[in-house]
**Student:** 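Got a structure for you, questions after.
Position 1 is the first residue of the sequence; numbering continues from there. Atoms within each ligand, like the ligands themselves, are counted from 1 in listed order.
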Amino acid sequence: MKVIYYGHSCFSVVAGGKHLLFDPFITGNPLAREIDVSRVPADFILISHGHDDHMLDAIEIARRTGAMVISNFEIIEWLAKQGLKKMHALNHGGGCDFEFGRAKLVNAVHSSMLPDGSYGGNPGGFVIETRGGNFYYSGDTALTLDMQLIPMTTRLDFAVLCIGDNFTMGVDDALRAAEFVKCDQIMGVHYDTFPPIKIDGAVAKSRFNAKGKTLHLLQPGESCDL
Ligand code: NI
Ligand code: MN
């Protein structure tokens, strides 16, 4: 599946010809200055939790593209108050079939407050099943034993895991997460954007290699097939 990285935890996966855009945060990212947010395609926008660094550009992109926003109930309610209409609310453990395939909202251990201080519900991750392949996006989270539930139902082609430490899993826990979800192709996100989450990418890649796994660390604007 084609994956396009827009920096921080913002990436897009092309499934069944549809662009699934995750956690849009581009205009606030000092490392993503070359990305023109007005040209980012989206048919669906999936938001893991309410923090600014995961949804800063969501409303603008949704308005421009007419994409359907998928998130938890509280975030969808909040976006409705901002005037968005084409949306679908999930809650944890629940999934739904869309044009691209199935999206399920799964647990993440983190916090979630919306930009104006409103309650953002519980943060989540997504398991996506499509005809072209399956993947898991962890969102911002600690390592959790719940991740072991994912491979019981879904054989993953790749997983997108936070690895920046400080606010989320670091490299070591992301490696354990890769083992929990039984996946060898990992794309790292939520690193380097701000000083507290800087990582040594070469060291991180070698840690994954040592366990027979591949860690993909893309540059903003770069894409790859996973
Ligand atoms: Ni967060
Ligand atoms: Mn974050």
Side-chain angles (χ1 to χ4, degrees), residues 3-13 20-33 35 37 40 42 45-62 69-79 82 89-92 103 105-128 135-144 146-147 159-174 177-178 186-199 201 204 215-220:
V3 182
I4 308 161
Y5 185 53
Y6 294 111
H8 199 54
S9 289
C10 181
F11 63 97
S12 160
V13 177
L20 279 57
L21 179 68
F22 290 81
D23 284 358
F25 171 73
I26 294 162
T27 56
N29 182 352
L31 303 183
R33 295 250 158 79
I35 310 282
V37 73
V40 172
I45 299 172
L46 295 93
I47 300 172
S48 66
H49 65 292
H51 290 157
D52 238 13
D53 63 319
H54 296 262
M55 56 179 291
L56 181 69
D57 299 309
I59 293 173
E60 188 191 324
I61 296 173
V69 179
I70 301 170
S71 190
N72 73 15
F73 181 79
E74 288 79 5
I75 290 172
I76 294 298
E77 290 282 294
W78 186 83
L79 288 171
Q82 320 303 313
L90 295 172
N91 218 326
H92 295 71
L105 186 67
V106 296
N107 288 347
V109 172
H110 190 65
S111 55
S112 182
M113 185 176 71
L114 288 155
D116 62 0
S118 303
Y119 173 61
N122 288 317
F126 292 98
V127 174
I128 308 291
F135 63 96
Y136 163 57
Y137 167 45
S138 67
D140 281 7
T141 185
L143 179 68
T144 76
D146 289 348
M147 292 169 180
V160 180
L161 304 176
C162 48
I163 57 163
D165 213 346
N166 198 84
F167 301 116
T168 68
M169 294 189 287
V171 172
D172 289 343
D173 277 349
I186 305 299
M187 176 168 147
V189 295
H190 213 273
Y191 67 96
D192 281 0
T193 316
F194 311 110
I197 58 172
K198 285 230 182 313
I199 65 165
L215 176 66
H216 302 268
L217 298 177
L218 305 185
Q219 293 301 313

**Student:** If the plane angle is over 60° it's perpendicular, under 30° parallel, otherwise tilted; pick one for F135 and F22.
**Tutor:**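 Correct class here is perpendicular.
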
**Student:** Sub-3.5 Å donor-acceptor pair from the side chain of S12 to the main-chain atoms of I4, do we have one?
**Tutor:**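 Looks like no, no N/O pair under 3.5 Å.
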
**Student:** May I ask you to check whether D140 and H51 show a side-chain donor-acceptor distance below 3.5 Å?
**Tutor:**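 No, H51 and D140 have no side-chain donor paired with an acceptor closer than 3.5 Å.
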
**Student:** Leaving waters out, which protein N, O or S atoms fall under 2.8 Å from the Mn ion (ligand 2)?
**Tutor:**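 Correct list: D53 OD2, H54 NE2, D140 OD2, H190 NE2.
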
**Student:** Around the Ni ion (ligand 1), how many protein N, O or S atoms are closer than 2.8 Å?
**Tutor:**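 That number is 4, waters not included.
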
**Student:** I'd like to know if the side chain of H92 reaches the main chain of P123, judged simply by a donor and an acceptor atom lying under 3.5 Å from each other, with no hydrogens or angles considered.
**Tutor:**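 Yes, H92 side chain to P123 backbone: donor-acceptor pair under 3.5 Å.
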
**Student:** Under the side-chain hydrogen bond (donor to acceptor under 3.5 Å, both in side chains) rule, what do H8 and N29 come out as? Steps first, then yes or no, please.
**Tutor:** CA-CA 7 Å; H8 199 54; N29 182 352; 5.5 Å; no

**Student:** Can you name the closest pair of heavy atoms from I186 and A178 and give their distance?
**Tutor:**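 Between these two residues, the closest heavy atoms are CD1-CB, 3.6 Å.
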
**Student:** If only atom types and distance count, is the side chain of D165 paired as donor or acceptor with the main-chain N or O of I199 below 3.5 Å?
**Tutor:**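 Flag not set: sc D165 to bb I199 has no pair under 3.5 Å.
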
**Student:** So does V109 get a backbone contact from the side chain of T141, meaning a donor-acceptor N/O pair under 3.5 Å?
**Tutor:**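 Answer holds: yes.
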
**Student:** For the residue pair V69 and A62, what are the closest heavy atoms and their distance?
**Tutor:**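 The pair with the smallest heavy-atom distance is CG2-CB, 4.0 Å.
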
